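Since this is a predicted model, take the numbers as computed values, not measurements. Position 1 is the first residue of the sequence, and the numbers go up from there.
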Amino acid sequence: MSTIAETAHRSQARRRMRIDGWRWGGRIFLVFMLLYTALPMIWMLITSIKSGFAAMQFPPQWWPDQPTLASYQKLLDPQNSVGQDFLRFFWNSLFVSTATTILSVIVAVPAAYAFSRFTFPGRTFLFFAVLLRNMFPAVIFLVPLFILMRAIGLVNTHWSLILTYLTFGLPLAIWLLKGFYDNIPVQLEQAARIDGATRFQAFVLIVMPLSTPGIIATAIYSFIGAWNEYIYAYTFLSKNEQLTLPVGIQRFFSENTTDFPGLMAASFMMSVPVVVLFLVLQRYFVRALTEGAVKH
């Protein structure tokens with residue numbers, strides 16, 4: 001009996017060692033990924049508080065002897081041309097991203113609900129057809145969309161970007177929300193209907209509050225996609241007053257020199273809204289992504 005007990009004990013010890021090995025391996029991997037993602041942001045921030053001469057030194061100066069916020073002051077000062085341009089680009093990006101997000105939610109919510117709750121001819125085909133665009137690189141549609149926008153007079157307007165981003169973001173938004181609606185019991189709506197509510201009232205009062213994490217996740221996805229997009233903004237917009245931040249930042253590059261501290265300061269400030277938005281709402285985003293994988 002003692003031999004059997006000792007064998008079982010050694011087996012459990014080896015199993016714990018294997019589990020601990022995987023656990024520590026996972027921790028090391030997470031630390032590596034954290035450094036991999038955080039170090040570029042840290043270096044960006046450090047470069048942004050350097051002078052132009054210190055930013056060009058080789059070997060690089062890891063921490064400046066005389067940190068300065070001159071680049072941030074120049075970007076946020078509406079009295080100089082650089083500050084005026086940066087603030088204009090910032091507000092242009094904010095308007096385009098916010099408008100895209102609102103329209104994406106307005107369109108994706110009823111579309112996903114219809115796919116989740118209703119049965120109609122061609123439902124399955126149409127549901128998978130909305131993902132057809134995602135099978136191709138976005139650049140393939142660049143020339144056709146430019147011709148279309150020029151034909152309807154939307155070139156050099158923000159609406160050309162809003163409609164384009166809306167089209168590209170809707171497929172995943174609809175799929176994301178449909179998986180969320182599938183996990184909301186239909187009996188809750190039926191109970192509301194029995195109590196006298198219309199289908200629309202049941203949707204607004206019952207389904208919408210329960211689907212808040214999915215809607216927030218859709219909004220985050222739409223906002224980030226519109227905020228970071230460069231190719232279409234560079235193609236559709238040519239007027240300086242219409243440019244968004246990803247395109248406007250290239251103004252820090254010139255033929256003979258590059259303002260690296262200013263470029264890093266502008267890039268860091270461009271990253272802040274997205275990082276803050278995700279950190280504040282990340283629990284909703286994670287919940288929405290996992291809801292569709294679990295059937296209740």
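Judged purely by distance below 3.5 Å, without hydrogens or angles, the side chains of Ser116 and Asp182 pair a donor atom with an acceptor atom. Of the N and O atoms on the side chains of Tyr72 and Ser48, at least one donor lies less than 3.5 Å from an acceptor on the other residue.
At a threshold of 4.5 Å between side-chain heavy atoms, the hydrophobic network of Ile, Leu, Val, Met, Phe, Trp and Tyr places Leu39 and Met33 in two separate groups. Clustering ILVMFWY residues whenever any of their side-chain heavy atoms sit less than 4.5 angstrom apart, transitively, puts Tyr234 in the very cluster that holds Val139. In the hydrophobic clustering of this structure, Ile152 groups with Leu103; members are Ile, Leu, Val, Met, Phe, Trp, Tyr whose side-chain heavy atoms approach within less than 4.5 Å, directly or through other members. Under a hydrophobic clustering in which Ile, Leu, Val, Met, Phe, Trp and Tyr are joined whenever their side-chain heavy atoms come within less than 4.5 Å, directly or via other members, Leu154 and Leu142 fall into the same cluster. Under a hydrophobic clustering in which Ile, Leu, Val, Met, Phe, Trp and Tyr are joined whenever their side-chain heavy atoms come within less than 4.5 Å, directly or via other members, Met41 and Ile224 fall into the same cluster.
Atom CH2 of Trp91 is surrounded by 12 or fewer heavy atoms from other residues, nucleotides or ligands within 6.0 Å. Shown here is Phe32, whose CZ atom has no more than 12 heavy atoms of other residues, nucleotides or ligands within 6.0 Å. The 12-atom threshold is exceeded at CG of Leu188, counting heavy atoms of other residues, nucleotides or ligands nearer than 6.0 Å.
Salt bridge annotation for Asp77-Lys74: absent, with no cationic side-chain nitrogen under 4.0 angstrom from a carboxylate oxygen.
Close placement of the Phe168 and Tyr232 rings is indicated, their centers lying within 6.0 Å of each other. Checked against a 6.0 Å centroid threshold, the rings of Phe90 and Trp227 count as neighbours.
Using a distance-only test at 3.5 Å, with no hydrogens or angles considered, a donor-acceptor pair links the side chain of Ser211 to the main chain of Met208. In this structure a side-chain-to-backbone donor-acceptor pair under 3.5 Å is present from Asn92 to Glu241. In this structure a side-chain-to-backbone donor-acceptor pair under 3.5 Å is present from Gln201 to Thr198. When atom types are taken as modelled, the side chain of Gln190 and the backbone of Ala192 share no donor-acceptor pair closer than 3.5 angstrom. The backbone N or O of Leu94 lies less than 3.5 Å from no partner atom in the side chain of Ser97, so there is not a single donor-acceptor pair. Put simply, the side chain of His158 gets close to the backbone of Gln242: a donor and an acceptor are under 3.5 Å apart. Of the possible polar contacts, none joining the Thr98 side chain to the Phe95 backbone as a donor-acceptor pair under 3.5 Å is found.
With sequence neighbours excluded, no residue satisfies salt bridge (Lys or Arg N to Asp or Glu O under 4.0 Å) with Arg193.
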(request) Using the side chain to side chain contact (heavy atoms under 4.5 Å, CB included) rule, take Phe86 and Leu245 through it: C-alpha gap first, then chi angles, then the decisive distance, then the call. (result) CA-CA 8 Å; Phe86 178 80; Leu245 265 180; 3.7 Å; yes

(request) Under the side chain to side chain contact (heavy atoms under 4.5 Å, CB included) rule, what do Tyr181 and Phe203 come out as? Steps first, then yes or no, please. (result) CA-CA 11 Å; Tyr181 289 141; Phe203 171 71; 4.1 Å; yes

(request) Take Ser238 and Asn156 through the side chain to side chain contact (heavy atoms under 4.5 Å, CB included) test and state the conclusion after the steps. (result) CA-CA 6 Å; Ser238 59; Asn156 277 321; 3.0 Å; yes

(request) Before giving the answer on side chain to side chain contact (heavy atoms under 4.5 Å, CB included), spell out for Phe236 and Thr164 the whole-Å C-alpha distance, their side-chain angles and the decisive distance to 0.1 Å. (result) CA-CA 10 Å; Phe236 290 169; Thr164 301; 3.4 Å; yes

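Residues Thr244 and Leu161 are in side-chain contact: their nearest non-hydrogen atoms beyond the backbone lie under 4.5 Å apart. The closest side-chain heavy-atom distance from Tyr230 to Val247 is below 4.5 Å. Under the 4.5 Å side-chain criterion, counting only non-hydrogen atoms from C-beta, Arg117 is in contact with Ile184.
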Which donor-acceptor pairs under 3.5 Å do the side chains of residues 261-279 make with protein atoms, sequence neighbours left out?
from	atom 1	to	atom 2	distance (Å)
Ser267	OG	Leu263	O	2.8
Ser271	OG	Ser267	O	2.9

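Summarising the geometry, atom CG belonging to Leu172 is positioned 8.0 Å from atom OG1 belonging to Thr218; distances are rounded to the nearest 0.5 Å. Atom CD1 of residue Ile174 and atom CZ of residue Phe115 lie 6.0 Å apart, to the nearest 0.5 angstrom.
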